[in-house]
Amino acid sequence: MSLKRTATAVAVAGALAVAFASPGQAATLDDVKAAGTLKCGINTGLPGFAYTDDKGKWTGFDVAYCRALAAAVLGDANKVTFVNLTGKTRFPALAAGEIDVLSRNTTWTLSRDVDLGFTFIGVNYYDGQGFIGRTALGVKSAKELDGASVCIQTGTTTELNLADFFRVNGIAYEPVPIETNAEARAAYEAERCDVYTTDASGLAATKATFPDPGKHMVYPEIISKEPLGPLVRQGDDQWADIARWTLNALISAEELGVTQANVAKMAEGTDNPEINRMLGKEGSMGKMLGLDANWAARAIAAEGNYAEMFERYIGPKTPLGLARGLNALYKDGGILYSPPFR
């Protein structure tokens with residue numbers, strides 16, 4: 001091939017690369033490092049998952065993931081800017097680059113993954129949609145709610161699930177659209193609706209805030225699959241890998257017995273080669289991600305492994321009282337599973 005033809009071929013290849021590049025292909029890792037903070041989208045307020053403590057600091061299960069990611073990337077779990085978003089505003093904020101990652105009880109679906117141009121990096125909580133109602137209604141099953149008014153958050157998968165459930169069971173309902181969980185809780189308590197529907201974890205969070213939780217019951221029906229997890233914009237594979245493997249590190253740490261208390265010691269080296277690879281003592285996995293060798297150790301040190309995060313914020317000893325259930329490790333009867341660090 002002549003030099004002229006070679007130059008032409010290179011020029012054409014370059015033009016194609018530019019033509020097929022998407023806005024999401026910008027180096028998010030570089031942007032985060034330049035900003036010195038991770039912009040993380042979270043709920044406007046959901047007990048156990050994303051809420052402010054008595055000092056006004058954001059905390060919770062979904063918040064903990066953001067802190068772990070910030071520790072992995074920036075070396076400091078506190079270098080996070082939390083952006084609280086509603087069901088309607090979360091996707092536009094992520095698409096526009098207003099946040100770097102969305103960690104907000106968001107269900108992984110085909111249309112969101114493909115049509116909206118997002119990449120779900122894993123599942124951190126397997127959930128399902130349910131209903132809560134006042135015991136005074138005398139109803140013990142969601143199938144007995146014919147003609148009931150139902151508070152429901154807009155911009156969520158729960159709207160379609162609700163319509164499908166009532167249609168399949170041949171019963172009618174009156175939707176009462178609400179924008180945030182706090183508004184839904186207030187509307188339900190004010191008896192603007194007979195029942196409230198959302199993810200079962202959200203119902204537990206809502207019930208825990210009631211003055212007299214015993215006057216309310218969560219009905220037994222779970223009407224959908226709601227795999228919840230963090231997501232990023234499509235087009236930046238490196239950033240998606242970093243976000244994905246940070247979550248995987250938290251899950252693997254539980255399986256491998258790496259905790260917030262012992263991670264520093266284990267990072268010095270163990271007899272387990274997978275632990276050594278994950279914590280950077282062996283191999284070059286950090287370099288593969290564009291990070292240093294200690295990224296996973298810092299992520300685990302931030303809030304602990306998956307089990308520690310679960311127990312601290314939403315587990316049986318918390319006001320939410322959630323059992324591990326499907327969210328137990330695969331070897332403990334659940335379906336939680338991380339690909340190997342190999």
Any chance you could lay out the side-chain contact (heavy atoms from CB on, under 4.5 Å) test for Tyr313 and Thr59, step after step, and finish with the verdict? CA-CA 9 Å; Tyr313 295 115; Thr59 189; 3.2 Å; yes

Pair Ser338, Glu255 - check side-chain hydrogen bond (donor to acceptor under 3.5 Å, both in side chains), show working. CA-CA 9 Å; Ser338 166; Glu255 179 180 354; over 6 Å; no

Evaluate the side-chain contact (heavy atoms from CB on, under 4.5 Å) criterion for residues Leu279 and Ile300: first the C-alpha distance (whole Å), next the side-chain angles of each, then the deciding distance (0.1 Å), finally the verdict. CA-CA 10 Å; Leu279 299 184; Ile300 297 162; 4.0 Å; yes

Could you check Thr157 against Glu226 for side-chain hydrogen bond (donor to acceptor under 3.5 Å, both in side chains), going step by step and ending with a plain yes or no? CA-CA 9 Å; Thr157 57; Glu226 306 293 333; 3.1 Å; yes

side-chain hydrogen bond (donor to acceptor under 3.5 Å, both in side chains) for Glu308 and Thr259? Distances and angles first, verdict last. CA-CA 8 Å; Glu308 291 176 291; Thr259 68; 4.7 Å; no

Run the side-chain contact (heavy atoms from CB on, under 4.5 Å) test on Tyr219 and Glu144 for me, step by step, so that the C-alpha distance in whole Å, both residues' side-chain angles and the decisive distance to 0.1 Å come before the verdict. CA-CA 10 Å; Tyr219 302 131; Glu144 301 173 18; over 6 Å; no

Please assess Thr28 against Val232 for the test side-chain contact (heavy atoms from CB on, under 4.5 Å), listing each intermediate value before the final yes or no. CA-CA 10 Å; Thr28 307; Val232 297; over 6 Å; no

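Taking a cutoff of 4.0 Å between a charged side-chain nitrogen and a carboxylate oxygen, Arg244 and Asp241 qualify as a salt bridge. In summary, Arg277 and Glu274 do not engage in a salt bridge, as defined by a charged side-chain N under 4.0 Å from a carboxylate O.
No continuous path of ILVMFWY side-chain contacts below 4.5 Å connects Leu74 to Val63, so the two sit in separate hydrophobic clusters. Residues Leu326 and Val218 fall into different hydrophobic clusters, defined by Ile, Leu, Val, Met, Phe, Trp and Tyr side chains chained together at heavy-atom separations under 4.5 Å. Cluster annotation: Met217 and Leu137 are assigned to the same hydrophobic cluster (Ile/Leu/Val/Met/Phe/Trp/Tyr, side-chain heavy-atom contacts under 4.5 Å, transitive).
Heavy-atom minimum distance, Glu179 versus Glu183: N-OE1, 3.4 Å. The minimum heavy-atom distance linking Leu69 with Ala243 is given by the pair CD1-CA, 4.1 Å. Closest approach of Asp194 and Tyr188 over heavy atoms only: O-CE1, 3.5 Å. Between Ser201 and Leu228 the shortest heavy-atom distance is OG-CD1, 4.5 Å. Between Asn262 and Gly257, the closest heavy-atom pair is ND2-O, 3.1 Å. When all heavy atoms of Met309 and Gly304 are compared, the closest pair comes out as SD-O, 3.8 Å.
With hydrogens and angles disregarded, no donor-acceptor distance shorter than 3.5 Å links the side chain of Glu303 to the backbone of Ala68. For Asp236 (side chain) and Trp239 (main-chain N/O), a donor-acceptor pair under 3.5 Å exists by modelled atom type. Side-chain atoms of Asn169 never come within 3.5 Å of backbone atoms of Ile171 as a donor-acceptor pair (strictly under, hydrogens ignored). Without hydrogens or angle criteria, Tyr196 side chain to Ala187 main chain gives no donor-acceptor distance under 3.5 Å. A donor-acceptor pair under 3.5 Å is absent between the side-chain atoms of Glu254 and the main chain of Ala249, judged by distance alone. Between the side chain of Ser149 and the main chain of Glu174, no donor-acceptor pair closer than 3.5 Å is present. The backbone N or O of Trp295 sits less than 3.5 Å from a side-chain atom of Asp292, completing a donor-acceptor pair. A donor-acceptor contact shorter than 3.5 Å is absent between the side chain of Asn305 and the backbone of Leu250.
Side-chain contact between Arg90 and Thr156 is present, with heavy atoms from C-beta onward closer than 4.5 Å. Put simply, the side chain of Val195 does not reach to within 4.5 Å of the side chain of Ile132, judged on heavy atoms. With a 4.5 Å cut-off on side-chain heavy atoms, Phe310 and Asn327 count as touching. Between Val176 and Ile152, every side-chain heavy-atom pair lies at or beyond the 4.5 Å cut-off. Put simply, the side chain of Pro230 reaches to within 4.5 Å of the side chain of Asn124, judged on heavy atoms. Between Pro227 and Phe120 there is no side-chain heavy-atom pair separated by less than 4.5 Å. Within the 4.5 Å cutoff, no side-chain heavy atoms of Val73 are placed close to those of Arg298. Contact of the Ile242 side chain with the Leu29 side chain is registered, since non-hydrogen atoms from C-beta on lie closer than 4.5 Å.
Taking CG of Leu256 as the reference point, atom CD1 of Ile275 lies at 5.0 Å (rounded to 0.5 Å). From Arg112, atom CZ reaches atom OG1 of Thr107 across 5.5 Å, with rounding to the nearest 0.5 Å. In this structure, the separation between CZ on Arg324 and CG on Leu336 is 6.5 Å, given to the nearest 0.5 Å. Rounding to the nearest 0.5 angstrom, the gap separating the NE2 atom in His216 from the CD atom in Glu189 is 6.5 Å. Between Lys281 atom NZ and Asn294 atom CG the span is 10.0 Å, to the nearest 0.5 Å. Going from atom OG1 of Thr86 over to atom CD of Gln153 covers 9.0 Å, rounded to the nearest 0.5 Å.
A donor-acceptor pair shorter than 3.5 Å cannot be found between the side chains of Glu159 and Thr154. A side-chain donor from one of Gln129 and Asn161 sits under 3.5 Å from a side-chain acceptor of the other. Under the 3.5 Å distance criterion, with hydrogens and angles disregarded, a donor-acceptor pair is assigned to the side chains of Thr270 and Asn276.
Applying the disulfide (SG to SG under 2.5 Å) test to pairs two or more places apart or on separate chains, none has a residue in residues 235-334. The disulfide (SG to SG under 2.5 Å) pairs that include a residue from residues 159-245 are Cys151-Cys193, where partners are two or more places apart or lie in different chains.
Aromatic rings of Tyr173 and Phe165 (six-membered ring for Trp) have centroids beyond the 6.0 Å cut-off, not under it.
Note: Phe61 and Tyr125 have perpendicular aromatic rings, judged against thresholds of 30 and 60 degrees for the angle between ring planes.
When hydrophobic side chains of Ile, Leu, Val, Met, Phe, Trp and Tyr are connected at separations under 4.5 Å, Tyr337 ends up clustered with Tyr330.
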Pairs of donor and acceptor atoms involving the side chains of residues 76-84, under 3.5 Å and at least two apart or interchain, shall be tabulated with distances.
from, atom 1, to, atom 2, distance (Å)
Asp76, OD1, Asn78, N, 2.9
Asn78, OD1, Arg67, NH1, 2.9
Thr81, OG1, Thr37, OG1, 2.9

Please output the side-chain donor-acceptor pairs of residues 46-53 that fall under 3.5 Å, not counting sequence neighbours, one pair per line with the distance.
from, atom 1, to, atom 2, distance (Å)
Asp53, OD1, Lys55, N, 2.8
Asp53, OD1, Gly56, N, 3.1
Asp53, OD1, Lys57, N, 2.9

Could you give the side-chain donor-acceptor pairs of residues 93-104 under 3.5 Å, partners two or more places apart or in another chain?
from, atom 1, to, atom 2, distance (Å)
Asp100, OD2, Lys39, N, 2.8
Ser103, OG, Asp62, O, 2.9
Arg104, NE, Leu85, O, 2.7

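Within 6.0 Å of CG in Asp271 there are 12 or fewer heavy atoms belonging to other residues, nucleotides or ligands.
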